[in-house]
Amino acid sequence: MASPIFTVTTPLYYANDLPHIGTAYPTIAADAIARFERLRGKDVRFVTGTDEHGQKIQRTAEERCKTPQAHCDEMVPHFKALWEKLDIQYDRFIRTTDSNHGAIVREFFQRVWDRGDIYLSQQKGWYCVSCEEYKDEKELLEDHHCPIHFNKKVELRDEENYFFRLSKYQGALEDLYKNNPEFIQPESRRNEVLSFVAGGLRDFSISRVNFDWGFPVPNDPNHIIYVWFDALLGYITALLEEGETPTLAAAVAKHWPAHTHIIGKDILRFHAIYWPAMLMSAELALPGRVFGHGFLIRDGAKMGKSSGNAIDPNALVDRYGVDAFRYYFLKEIKFGQDGSFEETRFVNILNADLANDLGNLLNRTLKMVPKYFGADGLKVDASAIPMDNPMKALGMTLGDRVAKCYENMAFSEACEAILDLVRLGNRYIDEQAPWKLFKQGDIDATAEILYTVLESVRLAAYLLSPITPRVSTAIYQQLGYSVDFNNSPLRDISLAFQTQAVWGTLSSEQSLGEAQPVFAKFELPSV
RNA sequence: AGCAGUGUAGCUCAAUGGUUGAGCAGCAAGCUCAUAACUUGAAGGGUGUGGGUUCAAUUCCCACCACUGCGACCA
């Protein structure tokens with residue numbers, strides 16, 4: 001029987017520049033949800049990649065005295081290297097310059113054309129090449145500088161463009177939003193789109209002239225297809241199998257529509273308005289939801305090159321490790337809201353949650369086992385532990401609750417729910433004081449307490465594994481498993497959610513490993 | 001034009017028409033199985049400002065201020 005499909009995408013990052021923390025953030029979120037759905041046995045396509053066309057890239061390449069293709073070829077390895085460094089397990093890396101993408105774009109364009117949704121008209125206005133968008137004059141800064149790229153001047157354009165009849169889909173889009181309230185998330189983003197659409201949609205231009213880095217419009221090669229029109233289709237091209245003839249029918253046959261598009265709030269309009277309208281025009285299925293995440297803020301400003309306050313993700317990972325990086329951004333920032341990075345906070349949170357609470361709970365408990373029970377290990381029947389055991393009671397419902405959190409992209413709440421169990425573990429072990437019971441000769445009670453805590457740590461590690469695969473692996477290995485959350489076959493039955501997300505799975509038959517700290521504490525940064 | 005959101009403990013956030021809660025940080029005590037860890041306790045907030053409704057508002061209403069987002073002013 002075929003597994004249910006789950007397709008999730010990150011934005012296709014613009015290959016104008018090197019990847020940075022703002023590209024890493026949605027990518028780890030996508031990776032976490034992809035890993036989670038794989039654990040549940042879904043047939044996952046996790047799509048990421050690069051958007052490589054457009055005048056901006058052409059100019060950047062010219063400045064660097066390179067061809068656009070050579071420029072992009074240089075950028076792409078940096079993305080792939082960062083993803084590898086961050087343990088990102090993507091299934092597809094689409095480049096919009098991939099050889100099969102052109103065929104998909106042309107076929108799509110033709111379909112929309114045949115639908116009568118494309119026409120030629122005049123476009124006049126101020127164009128920001130960095131945004132690849134027309135701007136209204138009054139939103140510009142002094143001397144015609146773009147408000148977003150304040151070091152760049154906009155350019156006056158007066159040219160023929162092909163237009164897409166977006167206005168025709170106003171009603172259909174409004175129905176879409178009304179009938180699928182979850183289509184745009186979070187709620188605040190949805191409201192923005194609703195009010196924007198309510199203001200009336202205008203057709204938008206989908207071609208440009210006077211440069212050539214992109215796909216020519218079929219039958220009018222003086223025009224280049226607008227970079228956004230091209231890039232969005234990358235989500236579909238990405239689903240083609242290796243060597244498969246590039247047709248829309250083939251691409252969407254199995255893994256389309258995407259369940260979730262993860263995007264930055266800055267590209268919401270393209271994904272929540274233009275994209276579904278384009279798909280409607282081409283009579284293709286619509287994605288399930290568009291989730292707009294927030295920006296990372298530092299010192300009150302959006303992190304970015306232009307503000308000079310960006311954090312280099314490579315340096316952060318080198319210093320603190322992958323899991324710390326992933327955990328901080330997914331746990332400390334509610335997905336969908338803006339979030340800040342402060343190194344002191346980063347260190348405090350990681351030390352408190354992963355080293356002190358989780359890691360130390362495993363360590364303190366596991367060390368008692370050989371000390372009290374020697375090589376025999378614990379002989380405990382989990383099902384015999386009473387339901388009113390507080391850890392068991394909480395653990396029994398945790399898997400389902402955490403699953404809901406992941407489904408809702410509520411990574412922070414997922415972590416909190418898991419930590420509740422961990423914190424209860426520390427309280428429980430203090431209250432029960434197995435070290436005293438052992439000295440009093442109450443061996444059975446001691447074993448039961450230790451098992452209860454170890455099993456809870458296992459469950460926590462399992463549920464955390466989409467976020468902290470390395471720490472979870474270390475915990476599992478100390479508990480006697482041979483799994484590696486980074487290398488297991490994607491649907492290794494031994495890791496299946498149905499068994500592993502349930503409290504009481506740890507077998508007393510398996511021999512436990514030696515206790516070693518699974519997460520070393522960090523030093524606070526010197527001020 | 002405007003529309004929307006936010007404003008609660010040092011920090012990040014939660015909650016409710018009726019003595020504000022959590023995590024982190026800081027303070028004190030306890031414990032010893034543990035990664036100087038954990039547990040407990042105290043401390044810390046008249047919930048942006050000013051009005052109003054109500055027996056009672058942080059929670060509802062109005063105005064204002066600050067910040068954020070979307071949008072408009074332009075052509």
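In what follows, chains carry the letters A, B, and so on, assigned in the order in which the sequence lines appear, proteins first and then strands, with residues in each chain numbered from 1.
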Peer 1: How does RNA chain B read in dot-bracket, base by base from 5' to 3', with Watson-Crick or G-U pairs under 3.5 Å and | used when the partner is on another strand?
Peer 2: .((((((..((((....[..))))..((((.......))))......(((((..]....))))))))))).....
Peer 1: Work out how far the C1' atom of B/A9 is from that of B/A14, and round it to whole angstrom.
Peer 2: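 Pairwise C1' distance, B/A9 against B/A14, rounds to 13 Å.
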Peer 1: Given B/G69, B/C70, B/C33, identify the nucleotide with an atom nearest to the side chain of A/Lys265.
Peer 2: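 Output: B/G69.
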Peer 1: On RNA chain B, compare the nucleotides closest to A/Arg189 and A/Lys436; which residue's is nearer the 5' end?
Peer 2: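 Its nearest nucleotide being more 5', the pick is A/Lys436.
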Peer 1: Work out how far the P atom of B/U58 is from that of B/U53, and round it to whole angstrom.
Peer 2: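 Their P atoms lie roughly 15 Å apart.
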Peer 1: For atom NZ of A/Lys379, is the number of surrounding heavy atoms from other residues, nucleotides or ligands below 6.0 Å larger than 12?
Peer 2: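 Counting other residues, nucleotides and ligands, NZ of A/Lys379 exceeds 12 neighbours.
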Peer 1: Take nucleotides 38-43 of chain B nucleotide by nucleotide from the 5' end and write B, S or -, depending on whether a protein heavy atom sits under 4.0 Å from the base, only from the sugar-phosphate, or from neither.
Peer 2: BSS---
Peer 1: Provide, to the nearest angstrom, the distance between the CD atom belonging to A/Glu187 and the P atom belonging to B/C3.
Peer 2: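 After rounding, the gap between these two atoms is 19 Å.
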Peer 1: Reading nucleotides 4-13 of chain B from the 5' end, what letters show protein touch, with B for base, S for backbone sugar-phosphate only, - for no heavy atom under 4.0 Å?
Peer 2: -------BS-
Peer 1: Using only side-chain N and O atoms of A/Lys439, determine if any of them is under 4.0 Å from OP1 or OP2 of B/C33.
Peer 2: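 Indeed, a polar side-chain atom of A/Lys439 lies that close.
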Peer 1: Across the strands shown, which category fits A/Phe438 at heavy-atom distances under 4.0 angstrom: base, sugar-phosphate, nothing?
Peer 2: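 If one applies the 4.0 Å heavy-atom cut-off, A/Phe438 turns out to touch nothing in the nucleic acid.
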Peer 1: Heavy atoms only, 4.0 Å cut-off, all strands: where does A/Val193 land among base, sugar-phosphate and nothing?
Peer 2: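 Nothing: the residue A/Val193, judged by heavy atoms under 4.0 Å, touches no strand.
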Peer 1: Between B/C64 and B/A4, how far apart are the two P atoms, rounded to whole Å?
Peer 2: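 That atom pair is separated by 13 Å.
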Peer 1: With a 4.0 Å cut-off on heavy atoms, is A/Lys521 in touch with a base, just the backbone sugar-phosphate, or nothing at all?
Peer 2: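 Base contact.
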Peer 1: Just compare B/G71, B/U35, B/G69 and give me whichever is closest to any side-chain atom of A/Glu192.
Peer 2: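 Given the options B/G71, B/U35, B/G69, the side chain of A/Glu192 is closest to B/G69.
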Peer 1: Name the orientation of the base relative to the sugar in B/G10: syn if the glycosidic angle is within 90° of 0, else anti.
Peer 2: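 Anti, since the glycosidic angle lies more than 90° from 0.
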Peer 1: Have a look at A/Gly359 and say if it touches a base, only the backbone sugar-phosphate, or nothing, with a 4.0 Å heavy-atom cut-off.
Peer 2: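 Base, at least one base heavy atom under 4.0 Å.
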Peer 1: Testing the 3.5 Å rule here: is there a donor-acceptor pair between the side chains of A/Thr48 and A/Thr10?
Peer 2: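 A/Thr10 and A/Thr48 do have a side-chain donor-acceptor pair below 3.5 Å.
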Peer 1: Can we call the ring centroids of A/Phe325 and A/Tyr320 under 6.0 Å apart?
Peer 2: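 No; A/Tyr320 has its ring centre 6.0 Å or more from that of A/Phe325.
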